[in-house]
2 protein chains.
Amino acid sequence: MPDGADKKPSRIQQRNRGLILDAALDVFSKHGYRGATLDQIAEAAGLSKPNILYYFDGKEEIHVTLLNQLMETWLDPLVTLDPDGDPLQEILGYVQRKLDMARDLPRESRLFAGEILQGAPRMAPHLVTDLQPLFDEKCAVIRAWMEKGALATVDPRHLIFSIWATTQHYADFDAQVQVLLRDDPDRHGGAAEYLATMFTKLLRP
Amino acid sequence: MPDGADKKPSRIQQRNRGLILDAALDVFSKHGYRGATLDQIAEAAGLSKPNILYYFDGKEEIHVTLLNQLMETWLDPLVTLDPDGDPLQEILGYVQRKLDMARDLPRESRLFAGEILQGAPRMAPHLVTDLQPLFDEKCAVIRAWMEKGALATVDPRHLIFSIWATTQHYADFDAQVQVLLRDDPDRHGGAAEYLATMFTKLLRP
DNA sequence: TCGTGTCTTTACCAAATGGTAAAAATTGCC
DNA sequence: GGCAATTTTTACCATTTGGTAAAGACACGA
């Protein structure tokens with residue numbers, strides 16, 4: 001049994017847990033927690049349902065594992081924000097990294113969005129322990145930049161919200177964006193340019 | 001049977017259909033389509049499950065009815081954008097109306113977000129028939145303003161996306177916003193001020 | 001190659017869920 | 001009040017779904 005705090009996961013164990021988590025990310029991000037079924041995950045992973053339950057205690061554990069893994073990836077671009085860098089370039093770099101993530105990891109973005117949309121029932125603790133301290137810390141950094149006169153003064157909290165909202169929008173609302181931008185061959189480039197302009201005009205002292 | 005194209009819905013029919021739709025809006029916006037159950041809707045409406053099915057053909061019809069009703073409300077602020085008004089004031093007014101809607105109709109915002117997040121399986125037609133023409137029309141209006149020199153030039157499509165993203169964020173990601181802004185007594189006012197600043201700096205010629 | 005521990009399958013199950021049939025109650029019109 | 005039409009309840013049902021038990025297949029070190 002691969003339960004609990006085992007010492008060494010076998011080759012097979014590592015491969016199958018990976019297959020399952022990747023399949024589950026697909027299914028959960030497409031249908032939401034309750035909309036996803038173990039059968040769908042099993043089929044997508046190419047394993048039988050009882051076999052899935054050999055590697056994970058249940059549907060919820062798979063979801064929680066995914067959310068835990070996601071948290072690190074998700075916060076990384078903000079962690080990278082360097083208090084000693086050039087303020088405007090740091091912010092614009094952050095915007096760009098978030099936008100790239102929306103393009104490269106849309107499943108992760110939607111998984112996260114779905115969880116928050118439903119009130120973060122399985123992630124509220126993470127928000128308080130992981131996100132909140134980081135958020136407060138980076139708000140302080142930005143506020144210091146503004147007080148130094150290196151950036152125009154705005155509420156750093158709403159600034160960060162607007163960065164999250166505008167970048168993640170391209171992943172989370174992709175179905176809508178696709179309809180409205182149907183024949184644009186360079187959606188990503190257009191978004192990148194627009195957002196760089198917007199945040200530059202907002203923040204240039 | 002209240003099926004099909006009846007002539008006049010009775011008093012009871014109007015009241016109960018209203019109760020059901022309001023309850024369903026609650027439940028669907030909280031748990032998503034597949035996460036919502038008829039039993040939950042029935043209990044929230046104060047009716048029995050078979051009674052619910054007397055008024056609606058099934059779960060899907062309730063959801064679709066809700067989505068249809070929502071579409072009009074949802075697009076209204078954009079419809080109101082007046083080509084003959086003052087360009088910057090029109091845009092800022094639009095932002096404000098959208099932000100007010102996020103505050104006053106969070107259930108509707110989340111219902112919409114959930115539907116799009118999952119690929120708009122029950123709303124794709126609406127997007128093409130209702131949203132797309134309106135979007136194109138208003139993009140043209142904004143582009144004309146820019147060519148006239150009344151607004152700084154940016155891509156109107158991404159401009160609209162950024163307005164949607166930043167305003168709806170406060171409803172759709174409320175669980176997150178609440179954690180991060182825990183003790184702010186004036187979240188709405190702060191957001192309004194921030195967004196007005198941002199779009200003014202972006203668009204003022 | 002043999003045996004032990006790891007992995008996979010087969011055959012289930014109980015609960016939840018969307019939905020139905022038909023009887024019972026109620027409403028509203030004459 | 002009487003009666004037809006509307007509304008509501010009771011009693012079900014079939015399917016789906018998360019999960020389990022236990023037998024069987026397989027890997028791998030001695």
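Numbers restart at 1 for each chain; the letters A, B, ... are given by sequence-line order, proteins then strands.
- Between the CD atom of E60(A) and the P atom of dG19(D) there is a distance of 9 Å, given to the nearest Å.
- Remark: K98(B) is not positioned above the aromatic ring of Y170(B), lacking an NZ or CZ atom under 6.0 angstrom from the ring centre and at most 45 degrees off the axis.
- Residues of residues 41-52 of chain B that place a heavy atom closer than 4.0 Å to DNA chain D, in numerical order, are S48(B), P50(B), N51(B).
- Taking atom OH of residue Y54(A) and atom C1' of nucleotide dG24(D), one finds them 14 Å apart after rounding to whole Å.
- Side chain of K138(B) to main chain of L81(B): a donor-acceptor pair is present (N/O by atom type, distance under 3.5 Å, no hydrogens or angles).
- Side-chain nitrogen and oxygen atoms of R34(A) include none within less than 4.0 Å of the OP1 or OP2 phosphate oxygen of dT17(D).
- Atom pair D39(B):CG and dA15(C):P shows a separation of 16 Å (rounding to whole Å applied).
- Atom pair Y55(B):OH and dG18(C):C1' shows a separation of 20 Å (rounding to whole Å applied).
- Without hydrogens or angle criteria, E115(B) side chain to L67(B) main chain gives no donor-acceptor distance under 3.5 Å.
- Distances shorter than 4.0 Å separate some side-chain N or O of N16(B) from OP1 or OP2 on dT8(D).
- Remark: R103(A) engages D100(A) in a salt bridge, criterion side-chain N to carboxylate O under 4.0 Å.
- Residue L38(B) is in sugar-phosphate contact alone, with no base atom involved, counting any heavy-atom pair closer than 4.0 Å across all strands shown.
- Contact annotation: Q13(B) does not reach the phosphate of dT6(D) (side-chain N/O to OP1 or OP2, under 4.0 Å).
- Put simply, CG on L53(A) is 14 Å from P on dT17(D), counting in whole angstrom units.
- At most 12 non-hydrogen atoms from other residues, nucleotides or ligands lie less than 6.0 angstrom from CD of E193(A).
- For K59(A), taking side-chain heavy atoms from C-beta onward, the closest of the listed nucleotides dC7(C), dT8(D), dG19(D) is dG19(D).
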